Amino acid sequence: MIEKYNPQEIEKKWQEKWYSSDVYRARDFDVNREKYYLLAEFPYPSGDSMHMGHARNYTEMDSLARLRRMLGQNVLYPMGWDAFGLPTENYAIKMKRPPQEITKENIAAFTRQLKAMGFSFDWSREINTTDSGYYKWTQWIFLQLYKKGLAYKAEMPINWCPKCKVGCANEEVIDGKHERCGTEVTKKKLNQWVLKITEYADRLADELDETDYWESVKARQRNWIGRKVWYDIEYPVEGTNVKLKVSTTRPDTQFGSTFVVIAPDAEIVDLLLKYIPAEKRDEVSDYINESKKKTEEERTAGEKEKTGVDTGLRCKNSITDKSLPIYLADFVLPTVGTGMVVGVPAHDKRDFVFAKKYSLPIIRVVEGPNGDRGEIDSVEKVYEDEGLIFDSGFINNLGSVEAREKMGEYIKEKNIGEVVIRYNLRDWIFSRQHYWGEPIPIVHCPKCGVVPVSENQLPVELPKVKSYEPTDTGESPLANIKEWVNTVCPICKGEAKRETDTMPNWAGSSWYFLRYLDPKNSEAFADMDKMKYWMPVDHYEGGSEHVTLHLLYSRFWYKVLSDLKLVPGLEPYKKRTIHGVVLGEGGVKMSKSLGNVITPDGLLDRYGADVTRAYLMFMGPYEGDVVWSTETINGVNRFVAKFFVFLQKAWEQRDTKGGASREVAKLAKKVQNDLLSFKFNTVISSLMQFYNSVQGKVFSTEDIEKIILIVSPILPHIAEELWSQTGHEFSVHSQHWPEIESNLLIDDSVSIPVQINGKVRGKIQISPRASEGEVVEILKQQEFFVKVFACKEPKRIVYVPGKIVNIVQ
RNA sequence: GCAGGAAUGGCGGAAUAGGCAGACGCGCGGGACUUAAAAUCCCGUUCUAGAAAUAGAGUGAGAGUUCGAUUCUCUCUUCCUGCACCA
């Protein structure tokens, strides 16, 4: 009995059966199978529906998980919830409801959707970062960092978002604006918890070599860490005992220096002020005040006009012995190097612009290509590349690289400076002045000072409160809850107060991949033996927006835990890939305000899960952005419906005596190879092509069983239904991938093109094992060959076995 | 500026240990079915010339290597992503 394709009838039925069985369960310590840990970034359950992007990523990874199980691997493909964070808190404030409740509802909605998509997650390992049983261990890991001296509290100017009333990490500020709400960020001095990620900067950069991440991912991590060699050189300020410590990465250009510039907000400026000549003093302090008023954005916006002020002071370049004027200018940033730079206008565009404006001399010391030592008289001619050094005393006639080495030795020898390695990466500001996050497990005691909460007192639970609103003072809303804040000191048992800051939403996600291995453990964050079995994550799939921050933070935590011998190995993830983004129709971002959001729910109602999944895979390459098209999904829908009926018909009309066919063997190989190399879009086209090419063919029983197996990672519901209809036992997803008989992959006879001078002029039918001589014999019988070579011999015949013939005339 | 990537029909995209460019799908054109429409099915669809067979051109531009280049090398252009007055 052939049924029409009706996804509603078959999908729900099989989902219920899957999720009440253990077909997708990963087995700890299974030594008979190779383990494979496939991790897709867990979602932040905000709102009542997941995004199409989630659906696409989980679909693609799901097909891989299913294939790998069939290939005999013990696959761990888990799912959980990264549920702490601002959107939920903001929504809670707006609705005047507790974030706990909202989170619970959102998770329920996401769970329903993920199950309706038919994903093969091992739901027995589900985790939630906001469960106290989970964040107990987030807090515990924080205490290990604290005990190792990697967490400290510091009064530091932080980026403060006046709208969200929250401190933001440097990483959360884009173009001077809070990345979440777009509000201009101001500076505020607050006492903050900070994690010393810079202590691991070298290892975070170097140990990337241990991994198999995509090159683009490695490059972005290295770029973000931004390791550079700096040369700090002391210049004595004339007429004082103050020494300026100028910093440069290009000491090879020292002999071209003609001035010194200090950031107006560098600390040393206070010290210099008293030496500034009286007639200059007003001008200088005006300038300092003015630049303080500028926002970070105004100050760093492009290469605009350079402003500055002459301090009237001079210093001596201790390398060249030349006297240089000292300026203050806000194009120099206090956080870069020492906040003091040496001006070399011939070899730095900014310095050139500044020198022109203040009529300072320009001295060239690096030779350009072809021995160019011409005068630098315009910005375009400024030579910033490396080259042969001239007019430069003891580094004369050296290349830039050797000149820097020599300079490094020189300043050490003369004790006038040092070579320092600096990073772009800053320490990680770990405090948030918000309610919906993990409480930082620290107590402030008037007698004992900062005291960590004892480990047996964990978790420090988030108290239920009436108001979640952040305060204007910069204190966490937790500070208002007296009965929670007031506690006893773990050491002296005297009265003490709890830390009221909470952790950023990066905390829970920095180690979640470990909790999947042992989600219910109450004695440790995870059992060491289980970690030894499953770690590292074999493939970590996620968005490009997490390649710098989340990836770096979680690698940092892993390395700390590794140093404490609490986890195996040095790196948490073996491979990292980045998926593209699903855009709305017309190539714009899907957003509520544009009204172009397409949710999985609508698609599941209309097309069902298998069609939705096939379309999401078909849309475009894994790593590329894809644009939603309602018309294209119709094409996929047509195909899936036809294919379903076709397979039923093929079963009815099957040849019960036949064996394996070439077409099916080739399809198995193609689907397997393409899935394993993330070419999900061509997997779907291969199925379509297969369908188009086998119309009218009668398949054997074996063949049809194989087709169902081949299709099962891609159209899991249809495959399960057909597996059952063809009289097999549940479940198709516990079966083995069809064996591919390699002799079936080679054709007996192939049609190959014949080119004359590189242009296709005809085709010949040959055996792929034919010798060149045999091929030439066949060629000589061809009309198109005789026509050209009737009365002359070809110059040369190139035969590539089984591929092509090219004749040179 | 630095780093990473990309450029192929009307559109999304296939094809690279160098070997038939445009698979597959959408859209479009024509036809069948229908009173009609939708749905479905069949045929066609890179461009130019031609009724057709066929011929020529063709993978951002220009050179090179090769019997043969979308694929490799060099130079350039444009675009995307990330970082950046980072000295």
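Keep in mind that this is a model prediction, so the values were computed, not measured. Here is the naming used below: chain letters follow the sequence lines, and residue numbers restart at 1 for every chain.
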Would you measure the distance from the [atom1] atom in [N] across to the matching atom in [M] and give it in whole Å?
| N | M | atom1 | value |
| --- | --- | --- | --- |
| U8(B) | U71(B) | C1' | 12 Å |
| A84(B) | C72(B) | P | 32 Å |
| C67(B) | C80(B) | P | 41 Å |

For the base of [N], is there a side-chain donor-acceptor partner from [X] under 3.5 Å away?
| X | N | value |
| --- | --- | --- |
| Lys306(A) | C85(B) | yes |
| Lys349(A) | C85(B) | no |
| Arg350(A) | A87(B) | yes |

Starting the side chain at C-beta, find the nucleotide from [options] nearest to [X].
| X | options | answer |
| --- | --- | --- |
| Arg796(A) | C67(B), G82(B), C26(B) | C67(B) |
| Val341(A) | A87(B), C26(B), G56(B) | A87(B) |
| Arg638(A) | C24(B), G82(B), C26(B) | C26(B) |

Have a look at [X] and say if it touches a base, only the backbone sugar-phosphate, or nothing, with a 4.0 Å heavy-atom cut-off.
| X | answer |
| --- | --- |
| Thr632(A) | sugar-phosphate |
| Asn681(A) | sugar-phosphate |
| Val798(A) | base |
| Asn634(A) | nothing |
| Ser751(A) | base |
| Arg227(A) | nothing |
| Ser685(A) | base |
| Gly635(A) | sugar-phosphate |
| Lys228(A) | sugar-phosphate |
| Arg422(A) | nothing |

Quiz item: Is the NZ or CZ atom of Arg576(A) positioned over Tyr540(A)'s six-membered ring, under 6.0 angstrom from the centre and within 45° of the axis?
Solution: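 Checked: cation-pi criterion met.
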Quiz item: Do Arg404(A)'s NZ or CZ and the ring of Tyr231(A) fall within the cation-pi criteria of under 6.0 Å and 45°?
Solution: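 No, Arg404(A) does not sit over the ring of Tyr231(A).
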Practice problem: Could you pull out all residues at least two apart from Phe618(A) that satisfy ring-ring contact (aromatic ring centres under 6.0 Å, His included)? | Solution: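 Expected list: none.
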Quiz item: Are Phe354(A) and Tyr327(A) an aromatic pair by the rule of ring centers under 6.0 Å?
Solution: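 Ring-ring flag for Phe354(A)/Tyr327(A): true, centres closer than 6.0 Å.
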Quiz item: Stems in RNA chain B: runs of 3 or more consecutive Watson-Crick or G-U pairs, distances under 3.5 Å?
Solution: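 Result, WC/G-U stems under 3.5 Å: B:1-7 with B:77-83, B:10-12 with B:24-26, B:27-32 with B:40-45, B:46-49 with B:54-57, B:60-64 with B:72-76.
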For residues [X] and [Y], is any side-chain donor paired with an opposing acceptor at under 3.5 Å?
| X | Y | value |
| --- | --- | --- |
| Asn637(A) | Tyr615(A) | no |
| Glu60(A) | His579(A) | no |
| Tyr622(A) | Asn681(A) | no |

Exercise. Take atom CG of Asn424(A) and atom P of A87(B), then tell me their distance rounded to the nearest Å.
Key: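 Taking CG of Asn424(A) and P of A87(B), I get 9 Å after rounding.
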